[in-house]
Amino acid sequence: DPLLDRGLGVRLGDPAAEVRATAAVALVRQTPPAADVLRAILDGGDAGAKVIALDAIGALSDGKARLATLAADGDVRVRARAATAIAQWKPEGARALLDKLLHDPDAGVRGQALAGLALYGDRGALGDVAQALDDPSLGVRLAALGALVRLGADTAGRQLLALGAGSDRYLRSEERRVGTECRSR
């Protein structure tokens, strides 16, 4: 709330990019110059500031169009945060962007892409989500399990039962726990 800090507008010109980004996110709906600051940050090279600026991307008239570029950013933190923003704002080609992030070399980005696919709500993604259960990263496998549950308990229940024959001891224990939750719904 800008009324809580009357000096927030001055911070739009702060030398630290993360401070500028935070002020711009807070002021973008009330102060037109904040949108310019956000655009400059999203086009800039400070990944930490970009991650913060992504919180207000929906307030920019060209925000959705910027998500494809952010999904291809060189920094894993930006790509991971972009996965969530893509699912929230659903730009044109959102599913294709999430699919691309699902195959990112970084496990954290793949996990966020799975969370994004679940948030996006496209049940057509169930096959891709099920394939992620074989990912070498435990975090990605757990994200896939969560995405299966979110995309549909009935389908997830069948997928989880199929895991029982799998070799991942941790996922089998989670499958029993989540399967019990699915049956109780």
Side-chain angles (χ1 to χ4, degrees), residues 1-129 131-132 135 139-140 143-144 146-147 150-151:
D1 184 352
L3 296 176
L4 296 177
D5 185 357
R6 299 191 196 290
L8 194 55
V10 175
R11 292 193 174 99
L12 290 172
D14 196 274
E18 290 184 2
V19 172
R20 287 193 311 276
T22 303
V25 166
L27 295 172
V28 71
R29 298 202 190 278
Q30 297 94 0
T31 308
D36 295 332
V37 172
L38 281 176
R39 285 185 183 91
I41 288 167
L42 292 169
D43 292 339
D46 189 308
K50 283 182 186 182
V51 170
I52 294 167
L54 269 159
D55 282 345
I57 200 152
L60 298 176
S61 60
D62 61 343
K64 287 183 181 183
R66 292 172 169 272
L67 287 169
T69 301
L70 293 162
D73 195 89
D75 191 281
V76 297
R77 296 171 295 170
V78 176
R79 293 193 311 274
R81 178 62 185 94
T84 306
I86 290 164
Q88 289 171 326
W89 296 104
K90 297 173 178 56
E92 189 165 326
R95 176 65 195 277
L97 290 171
L98 289 170
D99 287 345
K100 180 180 177 194
L101 292 170
L102 186 57
H103 297 96
D104 194 272
D106 183 78
V109 174
R110 293 192 307 274
Q112 282 302 118
L114 285 162
L117 282 168
L119 179 63
Y120 190 66
D122 182 359
R123 292 180 63 108
L126 283 169
D128 293 329
V129 173
Q131 279 185 321
D135 194 276
V140 173
R150 183 160 187 168
L151 285 171

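- Side chain of Arg77 to main chain of Ala47: no donor-acceptor pair is present (N/O by atom type, distance under 3.5 Å, no hydrogens or angles).
- When every heavy atom of Ala143 is checked against every heavy atom of Gly111, the shortest pair comes out as CB-O, 3.8 Å.
- To the nearest 0.5 Å, atoms CG (Leu126) and CD (Gln131) are separated by 12.0 Å.
- Residue Leu54 holds its CG atom at 9.5 Å from OG1 of Thr84, rounded to the nearest 0.5 Å.
- Contact between Ala80 and Gly108 at its shortest, heavy atoms only, is CB-O, 4.5 Å.
- The two atoms that bring Leu151 and Arg123 nearest to each other are O-NH1, 2.9 Å, heavy atoms only.
- Summarising the geometry of Leu38 relative to Ala56, their closest heavy-atom pair is CD1-CB, 3.7 Å, with the distance given to 0.1 Å.
- When side chains are defined from C-beta on, Leu117 counts as touching Asp99, because their heavy atoms get closer than 4.5 Å.
- Separation of atoms OH (Tyr120) and CG (Leu114) is listed at 15.5 Å; rounding is to 0.5 Å.
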May I have the step-by-step check of side chain to side chain contact (heavy atoms under 4.5 Å, CB included) for Asp46 and Ile41, ending in yes or no? CA-CA 7 Å; Asp46 189 308; Ile41 288 167; over 6 Å; no
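- Taking all atoms of both residues into account, the shortest heavy-atom contact from Leu97 to Pro91 is CD1-CG, 4.3 Å.
- Looking at residues two or more places apart in sequence or on another chain, you find no salt bridge (charged side-chain N to carboxylate O under 4.0 Å, His left out) involving Asp106.
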Name the atoms and distances for all side-chain donor-acceptor pairs under 3.5 Å in residues 12-20, with sequence neighbours left out.
{"residue": "Asp14", "atom": "OD1", "partner": "Ala16", "partner atom": "N", "Å": "2.9"}
{"residue": "Arg20", "atom": "NH1", "partner": "Asp14", "partner atom": "O", "Å": "2.7"}
{"residue": "Arg20", "atom": "NH1", "partner": "Pro15", "partner atom": "O", "Å": "3.1"}

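- Nearest heavy-atom pair across Ala21 and Ala53 is CB-N, 4.3 Å.
- The pair Arg95-Asp122 meets the salt-bridge criterion, with a side-chain N (NZ, NE, NH1 or NH2) lying under 4.0 Å from an Asp/Glu carboxylate O.
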Would Leu70 and Ile57 count as a side chain to side chain contact (heavy atoms under 4.5 Å, CB included) if you check the C-alpha gap in whole Å, the side-chain angles of each, and the deciding distance to 0.1 Å? CA-CA 11 Å; Leu70 293 162; Ile57 200 152; 3.6 Å; yes
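- Salt bridge absent: Asp75 and Lys50 never bring a charged side-chain N and a carboxylate O closer than 4.0 Å.
- For the pair Arg110 (side chain) and Leu101 (backbone), a donor-acceptor distance under 3.5 Å is absent.
- In this structure, the separation between CD on Gln112 and CG on Leu119 is 10.5 Å, given to the nearest 0.5 Å.
- Within a 6.0 Å sphere centred on NZ of Lys100, other residues, nucleotides and ligands contribute 12 heavy atoms or fewer.
- A salt bridge is absent between Arg39 and Asp43: the closest approach of a Lys/Arg side-chain nitrogen to an acidic carboxylate oxygen does not fall below 4.0 angstrom.
- Rounded to the nearest 0.5 angstrom, Ile86 CD1 and Leu98 CG are separated by 5.0 Å.
- To the nearest 0.5 Å, atoms CG (Asp73) and CZ (Arg81) are separated by 13.5 Å.
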